[in-house]
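Only one structure is covered here, and it is reproduced in the block below.
Below, chain A is the first sequence line, B the second, and so on; all start at residue 1. Because only heavy atoms are used, hydrogens play no part in the values below, and waters and symmetry mates are left out as well, while side chains stay in.
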2 protein chains.
Amino acid sequence: MSRPLTARQQHVFDFIVKTMGEFGYPPTRAEIAKALGFRSPNAAEEHLRALERKGAIRIIRNTSRGIRLPNQEPQELVDSTASALPAANIEASPAGLPVIGEVAAGSPILAAEHIDRYCPLPAEYFTPKADYLLRVRGLSMKDIGILEGDLLAVHRTERVRDGQIVVARLDDEVTVKRFKRQGHQVTLFAENADFAPIEIDLRSQSLDIEGVGVGVIRGGNGQALG
Amino acid sequence: MSRPLTARQQHVFDFIVKTMGEFGYPPTRAEIAKALGFRSPNAAEEHLRALERKGAIRIIRNTSRGIRLPNQEPQELVDSTASALPAANIEASPAGLPVIGEVAAGSPILAAEHIDRYCPLPAEYFTPKADYLLRVRGLSMKDIGILEGDLLAVHRTERVRDGQIVVARLDDEVTVKRFKRQGHQVTLFAENADFAPIEIDLRSQSLDIEGVGVGVIRGGNGQALG
DNA sequence: TCGATAAGTGGTTAAGTATACAGTATGTTC
DNA sequence: GAACATACTGTATACTTAACCACTTATCGA
């Protein structure tokens with residue numbers, strides 16, 4: 001899948017490695033452009049994207065100096081496991097579970113423009129089956145181990161029971177909470193003492209249930225642990 | 001000449017070290033404030049200045065993430081005792097990543113009798129690649145969202161850096177902790193206020209590093225969420 | 001000759017970020 | 001008890017940076 005780097009891409013990559021070794025942090029687009037003699041930071045931007053496509057680096061979106069080397073890991077001079085992955089037949093799986101990032105207000109969750117990428121895991125790995133993975137924002141569920149950036153595996157359904165972790169849409173905002181209902185009164189509990197429960201009266205407010213949480217994945221595709 | 005750091009300053013410094021080890025770049029003021037619970041980024045700014053006055057860090061002005069550690073030693077090799085575990089290697093199976101449950105004292109982790117089942121996820125989904133999944137016992141890492149029963153994706157290596165989540169073998173017991181080393185002294189931190197850090201003197205005690213944590217999976221194959 | 005990819009220029013915009021200023025509160029030191 | 005350092009909250013501003021759009025040039029294989 002990943003072709004070798006072009007000469008120019010290699011120059012950019014080398015500069016990133018050099019900068020990180022020298023300064024302890026990765027370069028900005030402008031710094032790359034200056035070092036390589038570009039007049040526009042956009043040239044650097046496009047090289048970075050090419051490098052990411054080819055798996056040489058990972059870009060953390062909306063983050064200054066958000067460049068990571070996959071082999072951030074100390075290099076093993078002699079790879080004891082002798083795996084030395086050939087990278088030849090690591091083809092991207094055709095399908096897998098779609099990963100949903102930002103959800104624009106008013107639009108359905110499973111719209112193509114929300115799909116960041118795919119996670120090569122069968123839907124049936126979770127029970128009930130997962131329909132998509134939702135990238136979690138905020139720390140409102142941290143006490144049960146659901147952190148910012150985690151992927152929440154979601155089973156689409158509107159039928160939920162008390163105590164389940166639900167993905168709900170409230171005032172066009174998508175949120176993950178623990179569900180409880182008493183008559184027409186629904187309470188959405190955060191699992192974090194800093195967040196107050198949300199009370200909804202179904203007679204006066206609308207609440208859409210998008211699904212229930214059935215699993216969590218963290219660390220895939222470069223997201224960090226800890 | 002420079003006075004020792006105060007406790008709070010040490011916290012800030014530790015967070016900087018941890019962030020650099022983990023992400024490859026230093027934190028912003030806002031990230032420090034969030035991590036330490038400050039409501040204002042200015043609190044972080046003033047701590048950084050104090051750290052610079054005391055020589056613990058250097059600040060590059062007008063530069064995002066412009067923090068440098070004077071002792072720029074990126075990677076550290078732990079192990080002095082050269083554990084040399086007998087590569088009891090389970091081949092990368094077409095079935096996916098092996099899930100390791102209980103690990104009997106004295107036996108290598110990747111022994112066939114420990115394998116519960118397989119998780120159908122490619123090793124390369126994580127970076128660096130995962131070699132196996134370890135079922136976590138106990139709540140010592142709950143503050144970073146690693147709970148009892150979770151599967152920790154582990155990359156086999158003995159080379160670890162400060163701040164990483166490691167799988168270590170201490171007195172024939174396998175444990176997951178955050179790693180920190182200063183000379184002969186290794187500290188394994190739990191991420192849970194109820195657990196005290198574990199101090200190891202490499203001159204008198206043996207510590208084997210089995211690998212580093214690269215991801216977490218919860219909820220697969222029937223395990224419940226929340 | 002067409003289409004795709006690489007490698008740029010040039011400019012815009014919104015978000016990320018460093019940093020200044022004005023306070024409050026609590027210690028420790030002389 | 002005044003002087004000073006630590007440890008913050010809160011607000012504001014300007015610079016830094018990522019990311020987008022429109023466009024150009026050149027190369028390569030079908």
Side-chain N or O of Arg61(A) closer than 4.0 Å to phosphate OP1/OP2 of dC20(D): no
Least distance between heavy atoms, Pro26(B) atom then Gly24(A) atom: CD-O, 3.9 Å
Value in whole Å for how far the P atom of dT16(D) lies from CZ of Arg65(A): 11 Å
Axial bend angle, the helix from dT1(C)-dA30(D) to dC30(C)-dG1(D): five-pair end segments, nearest 10°: 40°
Under 3.5 Å: donor-acceptor pair, side chain of His155(A), backbone of Lys129(A): yes
Length of the CD1-C1' vector between Ile32(A) and dT17(D), whole Å: 12 Å
Ser64(B) side chain to Arg65(A) side chain, donor-acceptor N/O pair below 3.5 angstrom: yes
Tyr25(B) OH to dA18(D) C1', straight-line distance once rounded to whole Å: 13 Å
Atom-pair distance (CD1 on Ile60(A); P on dT17(C)), nearest Å: 11 Å
Aromatic ring proximity Phe13(A)/His47(A), centre distance under 6.0 Å: no
Presence of salt bridge, Arg29(A) and Glu45(A), under 4.0 angstrom: yes
Per Glu45(B) side chain, nearest of listed nucleotides dT17(D), dA18(C), dA19(D): dA18(C)
Glu191(A) with Lys177(A): basic N within carboxylate O range, under 4.0 Å: no
Protein-nucleotide distance (Arg49(B), atom CZ; dT19(C), atom C1'), rounded to Å: 6 Å
side-chain N/O Arg29(A) vs dT17(D) OP1/OP2, d < 4.0 Å: no
Separation of dT17(D) C1' from Ile59(A) CD1 (nearest whole Å): 13 Å
Under 4.0 Å protein heavy-atom contact, by nucleotide of nucleotides 7-12 of chain C - B base, S sugar-phosphate only: SBBB--
Check: Leu152(A) main-chain N/O paired with Arg135(A) side-chain donor or acceptor under 3.5 Å: no
Atom pair distance, as rounded to whole Å: CZ in Arg53(B) and P in dC4(D): 14 Å
Asp14(B) with Lys180(B): basic N within carboxylate O range, under 4.0 Å: yes
Side-chain (Gln185(B)) to main-chain (Gln182(B)) donor-acceptor, under 3.5 angstrom: no
Atom pair distance, as rounded to whole Å: NZ in Lys34(B) and P in dT9(D): 16 Å
